[in-house]
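The next block holds one structure in the form of C-alpha cells; read it before the comments.
Throughout, residue positions are numbered sequentially from 1 according to the sequence presented.
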Amino acid sequence: MTRRYQLRPSAGAPRPFDSGDQLNDEQRAVIEAPDGPLLVIAGAGSGKTRTLTWRVARLLHGHLEPESLLLLTFTNKAAHEMLRRVEEVAQIDTRRIWGGTFHHVAHRVLREHAGLLGYEKGYSILDREDGRDVMAASIADCGLAVGARRFPKADVLIDLVSMAVNTQTPLADVLLDRRPQFAPLVEDVLRVARRYAERKHGMNAMDFDDLLLNWKVLLVEHEGVRRLLAERFRHVLVDEYQDTNRLQGDVVDLVASHHRNLCVVGDDAQSIYSFRGAHFANILEFEKRYPDARRFHLTVNYRSTPEILHLANASIENNFKQFKKELRSVRPSGSMPGLVPCRDVEQQAAFVAQRVLELRDEGFPLKEIAVLYRAHHHSMEVQFELARRGIPFVVRSGVRFFEAAHIKDVLAHLRFAHNPGDELALKRVLKLFPGIGSMTADAVWNALAARRRGGAGSVDELSSPDVASHVPPKAREGYRRAAELLRALTRAPTRDLPGESIDRVLEGGYEEHLRTAYPNADSRIEDIRQLADYARGYEDGETFLAEIALLTELTAETVAEGEEPDEKMVLSSVHQAKGLEWRAVFVVWLADGRFPSAQALRDPEGEEEERRLFYVACTRARDELTLCHPLVTAPRDRERVVLKASRFVEELPGDPAVYERWQLDDGRGLPALAPAREGGPALPAMAMPRLFGAAPDGDADGDDVPF
C-alpha cells in the first residue's frame, strides 16, 4: 500500500499581493504593467531594486510558477539581495526561481546540455589564474618564446580573447583596435587563441567567457534547446541592462523569443563600461528590436538633495544619445554644490583634507565621505595629504598608490641609482628584463657583493666582466639594457631630476614591458607619468625618495591593525563607485584632458560616455557635493602650465547657477584664485592658513594647528 504525502514550499504559499504605500506611482505602473516587452529607465536613486522585487512578487501572485521566471543580475551580491527581498515580499521559496548572474545561469543551462557541444559531464570551470596557465602553455605549444619582450604575455592575450568573445568581434579586429603595437603578430596571436580553445576543450573545461558563449551557441545552433528554454521561461527580467555586452544582449533576446515577456531595467545615463565591452546600443535601441515595448521612467530620487540633482540634470542634458528625463528629489532642500578652483594639485589635496576634518566635526562619519576621480593616479596627492594629517582612508580603485607593482618597479630603478648597495632594488629591476629570473639576479648580486667586500660600490660595476659573466646568453641583451639604463640614471643632470629619471625609466623599456605584461597598461603608464609630474616638484632625487618612503609608511599607519572599516573615508574611481553613495562627495581633477580623459575623447562616442561618468559621480552624493579642479600643473619642461576646467564644469548653467563658487584664501593676502564664493559662509578662518602650510601666529611649520 502506498501513501501519498504533499510537500509544500518551505516559505508557504504567496501571500495576497498588496504593496500598500510602499511604492510611488511610477513604480506601481511598472509593477502592474501587463505582459510583453518592458523597458524601465530607472534614474539614480529611484528605487529600481524595490521595483524589480515587487514586479516579481506581483507575477508570482498572479500564479506564475517560480520555475518559469528568470532573473538576471551582474553580481552574486545583487542576485542574493534581490532574491532575499522577493522571498520577504512574496513569501515564496526563491530557490525555485532561476535567478543569479549571467554566468551562474549559463552554468545551470550547460549542466543539462553541454553534451551537445562535445563536453563530458562534470566539466571544470577555469578561474582567471587557471586560464592564464592554460594560455601560457598554449604560447609554448606554438613555439613562441614566453620570455620574449615582444610577444604579449598570457594575461594580455586572455584580455583580448575575452573582449572578442563578449563583444562578438573578430579577435584580429580587437587586437588592431586595442593593441595596435602587436599588429605584426596577428597571425601568431590567432594561432595561440585557437590552441587555447583546443586545450580547454581537451581538458573538458570552460572559462567564464565560454559559459556565455556556449549558452548562445546552444540557443543558435540547437533549435530544441532554444525552444525548450524559451518556453520554460515565461518571464525574463534583467537588472542593470545598460551594462550588458553584445553577447549577453543576444542571449537575453534568444531566451525571451517565445513568450516575449522581457522586462529590462537600467539607466542609459549610467552606461560607463564600454572599456569592458558593455554595448550601449542594447538599451538605447531596445525599442527598435521590440517595437511593441512599453517604456517607463523612474525619476523620483530618494538619495540626493534637490540642489545636487539640479546640477546632475543640467549636466546630462548635454548628451544627445539618451532617454530624456529629469530626476526629482523627495528630500528637503540642502546646500548648493561647491565649485572649488585650486592653485594646483597640492592645494586641491590640502583643501580636501581640511574640508574632510571640518565635515567630521560637523557630524559626518568618515565612512560617509568619499573622494572620487577619473583615474587611479588622480588620488596620489590626496593620499599623501590624508596620510600627513592622519586621516584614515581606504582605496576602492586599487591598491594604495605606492603599493602598486608598477610604481614600486619604477622607484626601484631610482633607489639603486642612488644607493648601489640596495640589493632588493637591483633584483627587482633586473627581473623586469627578458631572460632574467631570480637565479640570475641572485648570481649578479652575489658577484657584486664579492667584488665590493662590504662597500656600496657603484652602478658601473654591473658591466664588469666578473659580474656580467654570471648572466646566461639568453639574458645578456636584456642585462645590457638594464645596466645602461641604471648607469644613465646616475649621470648628471638626470640623477638630481627625479621627474626626468622616471621619464627615462619609462622610455628605457619599461613602457614596452607594461604593454606586453598587463591588460591595463595604459592606466599604469598614466600612473607613472603622474608620478613623474609630482617628482618634478623636488630639487633632487634623494629628497624625493626619502619623502616617498616616509609617506608610504604614514599611509600604512592610517590603516592601523584592528581598526574598524567604519572609521575610514573612501577614495575611489568613479567606475568603482557606481551603485554606492555617501553623504559627502568630492570630485577631484576636473580638468579637461583629465576628466574627461584625453584618451576617451579619441573615441567618437567618448565624450558622451565621459559625461555619463561625471553624472554618476555627482549622483553618488546625498547631502554635500564638491567639485574641484587645479588651475596649473607642472609638465616635463618644469614650467607650470594653465589647465582648462573640465568641459563638464564649463557647460553648467550660470543663470540660474547650479553651484556656488568657492574662493580659497591662504590668509596671507595672496591674490584670489577665483571670484568669491557666492552665498554661504566662508571657510573657517582658523583653518584657512593650514591650507597653504602656514599656521596662526607666525608658526610656519603649521605643526601646532589644532585639528
Side-chain angles (χ1 to χ4, degrees), residues 341-353 371 373-388 395 397-398 400-404 406-415 417 489 493-508 510-511 514 520-552 555 571 573 588-601 628-646 673 693:
C342 303
R343 182 181 59 210
D344 49 30
V345 290
E346 284 78 17
Q347 189 185 72
Q348 177 180 253
F351 165 74
V352 169
V371 178
Y373 35 81
R374 174 64 180 83
H376 182 46
H377 58 262
H378 292 162
S379 70
M380 183 177 66
E381 293 84 6
V382 175
Q383 289 192 42
F384 281 173
E385 191 63 28
L386 295 177
R388 287 190 183 101
V395 180
S397 55
R400 289 165 182 263
F401 192 81
F402 286 102
E403 295 171 5
H406 54 295
I407 299 299
K408 296 175 75 171
D409 286 346
V410 169
L411 292 177
H413 288 76
L414 275 65
R415 284 168 49 198
L489 296 178
T494 304
R495 174 183 170 84
D496 294 320
L497 300 174
E500 281 70 4
S501 295
I502 293 170
D503 289 339
R504 192 72 177 263
V505 172
L506 201 57
E507 296 161 2
Y510 193 66
E511 179 173 350
L514 290 175
N520 61 341
D522 286 336
S523 65
R524 291 175 186 260
I525 291 166
E526 283 303 312
D527 285 352
I528 294 168
R529 287 176 176 155
Q530 182 72 18
L531 176 65
D533 286 346
Y534 180 80
R536 293 181 223 287
Y538 289 83
E539 296 182 356
D540 62 81
E542 289 184 4
T543 303
F544 169 70
L545 289 171
E547 178 154 344
I548 292 304
L550 293 172
L551 283 173
T552 303
T555 300
L571 274 60
S573 69
V588 297
W589 263 108
L590 282 167
D592 235 37
R594 271 69 169 189
F595 195 165
S597 77
Q599 183 178 355
L601 293 178
C628 303
H629 69 93
L631 296 172
V632 295
T633 190
R636 298 188 178 188
D637 58 6
R638 299 178 67 83
E639 292 183 4
R640 297 170 78 79
V641 168
V642 175
L643 293 171
K644 183 180 179 182
S646 170
L673 294 173

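Counting only heavy atoms from C-beta outward, the side chains of R536 and E500 approach each other to under 4.5 Å. R594 has its side chain within reach of L643: a pair of non-hydrogen atoms, C-beta onward, lies under 4.5 Å apart. By the 4.5 Å heavy-atom criterion applied to side chains, R343 and P630 are not counted as neighbours. Two residues are said to be in side-chain contact when any heavy atoms from C-beta on lie closer than 4.5 Å; Y510 and H406 meet this criterion. You'll find the side chain of L545 reaches within 4.5 Å of the side chain of L411, heavy atoms only. Contact check for V352 versus E385: no side-chain heavy atoms found under the 4.5 Å cut-off. Residues L571 and Y373 form a side-chain contact, since some pair of their non-hydrogen atoms from C-beta on lies under 4.5 Å apart. Residues Y534 and V345 have side chains not in contact (no heavy-atom distance under 4.5 Å, counting atoms from C-beta outward).
Counting heavy atoms of neighbouring residues, nucleotides and ligands inside a 6.0 Å radius, atom CZ of R415 exceeds 12 of them.
Here E511 does not pair with R524 in a salt bridge; the nearest charged N to carboxylate O distance is not below 4.0 Å.
Contacts of F544 classified as ring pair (Phe, Tyr, Trp, His ring centres under 6.0 Å), with partners at least two apart in sequence or in another chain: Y538. Judged as a ring pair (Phe, Tyr, Trp, His ring centres under 6.0 Å), and not counting sequence neighbours, the contacts of H378 are W589.
Taken from CG in L514 to CD1 in I528, the straight-line distance is 5.0 Å, to the nearest 0.5 Å.
Without hydrogens or angle criteria, S501 side chain to T494 main chain gives a donor-acceptor distance under 3.5 Å. In terms of modelled atom types and a separation under 3.5 Å, the side chain of R495 and the main chain of A417 share a donor-acceptor contact.
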